[in-house]
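Written below as structure tokens is the structure these notes are about.
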Amino acid sequence: MVKAYAQEHIYKHPWERVTSASWRKFADPENKHTLSHILEVDTLNHKLDPLSGKLYSTRALTIHAPGPLFVRKIIGQDICHCVESTVVDAQSKSMQLTTRNVSLQKFIEVEEKIRYDPHPENPTGWTVCRQETSICIKPLSALASMAEKVEQRCAERFMQNSVKGREVMERICKYLEAESRGMAL
């Protein structure tokens, strides 16, 4: 059983600003409260491919384990480790992030894909963000209705967290806009 959802959001900011905000999202101390589910973020590697001009980055994320408290009690773990792989193509103005959990895989598999591209109607001023998330609860397959409820609760939490993430991105974009104009907020 897999619970999947997709969302689209339009940032009324240029692609360069939105992608800069994406890199800063976890590092800004102002966002610690809003993104309280994120415990730690470490860059594992990054490289610029000289032939294609693409930037590749891999980060490790430590988060509060998704799902209801009773499920976390059953599995005996309250944190989850994830790996985020990012590819930025500045020439085509595309940024793609894929995040997967690397711990708790015998219980849950989560994959989140986010893509930032210039908006087709206003490519120099707006950015479209497309997010797809899939959640699969594994050991509860014998108890299908319970697994569905847990997947639904996880999906609801992911959607709530993505709203928080968009709020943080908007705040950082406004900060970057003010910074580019030489103003302080």
Side-chain angles (χ1 to χ4, degrees), residues 2-11 13 15-46 55-88 95-116 127-138 150-176 179 185:
V2 175
K3 179 72 177 173
Y5 70 92
Q7 301 182 89
E8 187 172 290
H9 181 75
I10 308 302
Y11 290 101
H13 299 278
W15 179 85
E16 294 82 359
R17 185 176 302 140
V18 172
T19 55
S20 292
S22 178
W23 289 115
R24 294 183 184 193
K25 179 168 66 172
F26 300 129
D28 190 336
E30 281 187 43
N31 303 326
K32 294 288 184 198
H33 178 71
T34 306
L35 300 176
S36 59
H37 63 291
I38 305 292
L39 301 174
E40 192 171 336
V41 178
D42 296 300
T43 300
L44 301 177
N45 68 43
H46 59 275
L55 174 66
Y56 296 88
S57 175
T58 305
R59 299 195 292 187
L61 287 73
T62 303
I63 64 169
H64 284 290
L69 180 60
F70 80 90
V71 172
R72 294 192 309 258
K73 295 280 187 196
I74 291 170
I75 62 174
Q77 216 172 338
D78 198 33
I79 62 168
C80 181
H81 299 284
C82 303
V83 172
E84 174 193 82
S85 301
T86 304
V87 179
V88 180
M95 180 179 193
Q96 299 176 51
L97 301 91
T98 302
T99 306
R100 293 181 180 93
N101 62 303
V102 292
S103 66
L104 304 178
Q105 287 184 333
K106 64 182 179 180
F107 300 106
I108 184 171
E109 284 188 0
V110 177
E111 180 181 73
E112 177 185 55
K113 293 181 179 183
I114 299 175
R115 183 178 172 115
Y116 298 103
T127 304
V128 61
C129 170
R130 292 178 181 90
Q131 177 186 16
E132 298 175 7
T133 304
S134 66
I135 302 163
C136 179
I137 304 294
K138 289 185 166 183
V150 171
E151 287 172 345
Q152 182 61 38
R153 292 274 302 273
C154 288
E156 289 168 4
R157 165 105 19 100
F158 271 86
M159 286 191 281
Q160 291 167 354
N161 288 340
S162 62
V163 167
K164 292 177 184 179
R166 286 192 299 271
E167 290 171 5
V168 166
M169 291 284 291
E170 286 289 353
R171 186 169 47 246
I172 295 172
C173 283
K174 287 177 183 170
Y175 170 80
L176 291 170
E179 188 179 77
L185 286 178

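- The minimum heavy-atom distance between Asn101 and Val110, with the atom names listed, is OD1-N, 2.7 Å.
- Put simply, the side chain of Arg59 reaches to within 4.5 Å of the side chain of Leu61, judged on heavy atoms.
- Annotation: side chain of Leu176 is in contact with side chain of Glu179 (closest heavy-atom distance under 4.5 Å).
- At distances below 3.5 Å, not a single donor-acceptor pair connects side-chain atoms of Thr99 with backbone N or O atoms of Glu84.
- By the ring pair (Phe, Tyr, Trp, His ring centres under 6.0 Å) test, Tyr11 pairs with His9, sequence neighbours left out.
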One pair to check against side chain to side chain donor-acceptor pair (under 3.5 Å): Glu167 and Thr34. What are the steps and the verdict? CA-CA 9 Å; Glu167 290 171 5; Thr34 306; 5.5 Å; no

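- Of all heavy-atom pairs between His46 and Thr43, the closest is ND1-CG2, 3.8 Å.
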Decide side chain to side chain donor-acceptor pair (under 3.5 Å) for Glu8 and Gln131; before the verdict, give the C-alpha distance in whole Å, the side-chain angles of both, and the deciding distance to 0.1 Å. CA-CA 6 Å; Glu8 187 172 290; Gln131 177 186 16; over 6 Å; no

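- Proximity of a side-chain donor or acceptor of Asn45 to a complementary backbone N or O of Ser57 within less than 3.5 Å is not detected.
- Between the CG atom of Asp42 and the OG1 atom of Thr62 there is a distance of 7.0 Å, given to the nearest 0.5 Å.
- Note on Lys113 versus Glu132: no salt bridge recorded, every NZ/NE/NH1/NH2 to OD/OE distance being 4.0 Å or above.
- Annotation: the span from Cys129 atom SG to Met95 atom CE amounts to 10.5 Å, rounded to 0.5 Å.
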Between Val83 and Thr58, is the side chain to side chain contact (heavy atoms under 4.5 Å, CB included) condition met? List the steps. CA-CA 7 Å; Val83 172; Thr58 305; 3.6 Å; yes

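- Legend: side-chain hydrogen bond (donor to acceptor under 3.5 Å, both in side chains) pairs involving residues 16-27, not counting sequence neighbours, sorted by first then second residue: His13-Arg17, Glu16-Lys93.
- Within the model, atoms OG of Ser162 and CD of Glu112 stand 7.5 Å from one another, a figure rounded to the nearest 0.5 Å.
- Minimum interatomic distance between Tyr116 and Leu97 (heavy atoms only, all atoms of both residues): CE1-CD1, 3.6 Å.
- Put simply, CD1 on Ile63 and NE2 on His37 are 6.5 Å apart, with the number rounded to the nearest 0.5 Å.
- Distance alone, capped at 3.5 Å, places no donor-acceptor pair between the Asn31 side chain and the Phe26 backbone.
- In this structure, the separation between CD on Gln7 and CD1 on Ile114 is 9.0 Å, given to the nearest 0.5 Å.
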Evaluate the side chain to side chain contact (heavy atoms under 4.5 Å, CB included) criterion for residues Lys164 and Leu35: first the C-alpha distance (whole Å), next the side-chain angles of each, then the deciding distance (0.1 Å), finally the verdict. CA-CA 7 Å; Lys164 292 177 184 179; Leu35 300 176; 4.2 Å; yes

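- The minimum heavy-atom distance between Ile79 and Ser103, with the atom names listed, is O-OG, 4.4 Å.
- Taking OH of Tyr5 as the reference point, atom OG1 of Thr133 lies at 3.5 Å (rounded to 0.5 Å).
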